[in-house]
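Being a predicted model, the structure only gives us computed values, none of them experimental. Order of the sequence lines sets the chain letters (A, B, ...), proteins ahead of strands, with each chain counted from 1.
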There are 2 protein chains.
Amino acid sequence: MLDAHGVRGLTLRGLAAELGGGLGSIYWYVSGKYELLELACDELIGRALDAADTEERLVPSPPMEVDLGTDDEAVLDAVRSLRRVGLALFDQMDRHPWLAAQAQLGGAERSNGLRVWESMGRPLAAMGLTERQQFHGSTALTGYVVGVAAEMSLQDRAADPDLPKGEQLDLVVGRWQSPDYDDFPWIRSMTEQFRGHDDIVQFAAGLDLLLLGLVRQAQG
Amino acid sequence: MLDAHGVRGLTLRGLAAELGGGLGSIYWYVSGKYELLELACDELIGRALDAADTEERLVPSPPMEVDLGTDDEAVLDAVRSLRRVGLALFDQMDRHPWLAAQAQLGGAERSNGLRVWESMGRPLAAMGLTERQQFHGSTALTGYVVGVAAEMSLQDRAADPDLPKGEQLDLVVGRWQSPDYDDFPWIRSMTEQFRGHDDIVQFAAGLDLLLLGLVRQAQG
DNA sequence: ACCTGAACACCGTTCAAGT
DNA sequence: ACCTGAACACCGTTCAAGT
């Protein structure tokens, strides 16, 4: 997969050349570029879900920094489940920076899109939430996952790929000290946090906020 | 703005014709299509923030369905503030379905991107969260907003624009009863919820979960 | 300073023609 | 059934030339 060059960098001519075939032959297998991307998305999402299920090859989870305030084993189990799925999906989108922008997880016709939604919904039901709360919770979770992943993918793409990670952060944070940022004191106050930030930790922290909210809702 | 045809439907040739000018003259004012889109994004985000500030022309907020479990006026004020900004941004992206996919809110160089981040951050600081919690909270909020908005924009675009809303829902939900969905009992159980769903209510519900998590974190 | 439009270098998609 | 590549209808961008 030569998607290291992004969605736009994948041309049907390039793909045909890579496969040693003619340009038109692609259209025998696939209706167009859109379906090609959809299939690639579905494949990668499917693998992420497999990883979440089998528990192998799973990204190491950052420790949970929030206190859920419950020892109900059913609830804790559901939370662990949701966290595992969310982190597996994020990890996959982190590895393939074009994925997040492309993946319309919920409501997709592709079967793995449905698997995502089902994977989110079942634990929510097990937590004892009402159907309405389950519904809202599931779209909140999927929306959060692709939203944060997309945001971070864009942020990383904007950065100069030649510079080392540390210098990139210094460059951004350096701008924050300029007079342009006089109206944004809060952003400036985040200098230290931004310099030490880690994408997956940040993602997990927000996911845990959502999970905390859901636990509270189940308890209330 | 003829962006009723989406980002791809906006061609520089079409724009030049609309403006009654030559194709090349656009490049005198703007470096390319990318910058043009960035400017349009920034303008609309800016208007949304203005609406959130002035409290006029603001979308009616759905009632909060979660119990925050606090009467700390400073915290409640912060929550109201975050909710107002989030809803104003979502409303704008709901009105302009191409916006969400385009808007890299956080970390954008454009000044209104910074305004978004600052608007989210200040209330979080006022809630008494640690700097680390503020940082994580702000990215979670912005990520959630654009993520859910993007997901819903895609969902609405996929639908047949000729059919009335009710029939569209029936069509989707009808498919859920087919044998293809035998492996997705939870999705099937959401039939009733999906049929009666309302985008902005759904968005607000998830936002409130995040806010509930943040309030708990501040209290803990 | 500001505009013009032909020209260029690409796209995705189609389709008559091959095996 | 499966593949080919020229041809088509578009893009965004550049640039010598105008006023």
Side-chain angles (χ1 to χ4, degrees), chain A residues 1-45 96-104 108-110 112-113 150 153-162, chain B residues 1-45 96-104 108-110 112-113 150 153-162:
Chain A
M1 211 61 94
L2 66 218
D3 300 38
H5 304 89
V7 172
R8 213 159 179 176
L10 171 69
T11 73
L12 298 188
R13 282 174 176 80
L15 183 64
E18 188 88 357
L19 267 51
L23 166 58
S25 69
I26 295 172
Y27 284 84
W28 182 260
Y29 298 97
V30 104
S31 73
K33 186 172 183 178
Y34 180 79
E35 189 180 337
L36 191 69
L37 287 172
E38 222 180 12
L39 285 170
C41 265
D42 201 51
E43 172 66 25
L44 291 180
I45 296 293
H96 308 277
W98 57 273
L99 226 193
Q102 205 67 21
Q104 63 239 56
E109 296 310 294
R110 296 283 153 203
N112 282 321
S153 295
L154 277 173
Q155 214 166 300
D156 292 352
R157 195 180 317 165
D160 189 339
D162 297 333
Chain B
M1 211 63 91
L2 64 216
D3 301 36
H5 303 88
V7 171
R8 213 159 178 174
L10 170 69
T11 71
L12 298 186
R13 280 173 176 81
L15 183 65
E18 188 89 357
L19 267 50
L23 166 58
S25 69
I26 295 172
Y27 285 85
W28 181 260
Y29 297 95
V30 102
S31 73
K33 187 173 183 179
Y34 180 80
E35 188 180 337
L36 191 68
L37 287 171
E38 221 180 14
L39 285 170
C41 264
D42 200 52
E43 173 66 25
L44 291 180
I45 296 292
H96 308 278
W98 57 272
L99 225 193
Q102 206 67 22
Q104 62 238 55
E109 297 309 294
R110 295 283 151 202
N112 281 322
S153 295
L154 277 173
Q155 215 165 298
D156 292 354
R157 194 181 316 166
D160 188 339
D162 296 336

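Between B:Trp28 atom CH2 and C:dT4 atom P there is a gap of 13 Å when expressed in whole angstrom units. B:Arg8 has its CZ atom 14 Å from the P atom of D:dC10, to the nearest Å. Atoms CG (B:Leu15) and C1' (D:dC11) sit 14 Å apart, rounded to a whole Å. Between the CG atom of A:Leu23 and the C1' atom of C:dC15 there is a distance of 12 Å, given to the nearest Å. The nearest whole Å value for the distance from the CG atom in A:Leu19 to the C1' atom in D:dT4 is 15 Å. Distance A:Leu10 CG to C:dG12 C1': 12 Å, rounded to the nearest Å. Rounded to whole angstrom, the span from the CG atom of B:Leu36 across to the P atom of D:dG12 amounts to 10 Å.
Picking from D:dC3, D:dG12, C:dC11 the nucleotide with the shortest atom distance to the side chain of A:Thr11 gives C:dC11. Candidate nucleotides D:dA7, D:dT13, C:dC2 were compared by shortest atom distance to the side chain of B:Arg13, and D:dT13 ranks first. The side chain of B:Leu12 approaches D:dT13 more closely than any other nucleotide in the set D:dT13, D:dG5, D:dC11. Here the side chain of B:Tyr27 is nearest to one of D:dT13, C:dA1, C:dT14, namely D:dT13. Proximity note for A:Tyr29 (side chain, C-beta onward) versus D:dA6, C:dC3, D:dC2: the nearest is D:dC2.
Taking CD1 of B:Ile26 as the start and CG of B:Leu15 as the end, the distance is 4.5 Å to the nearest 0.5 Å. The distance from atom CD1 of A:Ile45 to atom CD of A:Glu38, rounded to the nearest 0.5 Å, is 12.0 Å. The line from CD of A:Glu43 to SG of A:Cys41 is 11.0 Å long, rounded to the nearest 0.5 Å. Once rounded to the nearest 0.5 Å, the distance linking CG of A:Leu12 with CG of A:Leu19 reads 11.5 Å.
If you take atom C1' in D:dA9 and the same atom in C:dC10, they sit 13 Å apart, rounded to whole Å.
The phosphate of C:dC2 has neither OP1 nor OP2 within less than 4.0 Å of any side-chain N or O from B:Ser25.
Under the side-chain contact (heavy atoms from CB on, under 4.5 Å) test applied with B:Leu37, the options B:Val7, B:Leu99, B:Val30 reduce to a single match, B:Val7.
Of the two residues near DNA chain D, A:Ile26 and B:Gly24, the one whose nearest nucleotide lies more 5' is A:Ile26.
The two atoms that bring B:Ala16 and B:Gly22 nearest to each other are CB-O, 3.5 Å, heavy atoms only.
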Would you sketch DNA chain D in dot-bracket for me? Only Watson-Crick or G-U wobble pairs with both distances under 3.5 Å count, crossing pairs as [ ], other-strand pairs as |, the rest as dots. ||.|||||...|||||.||
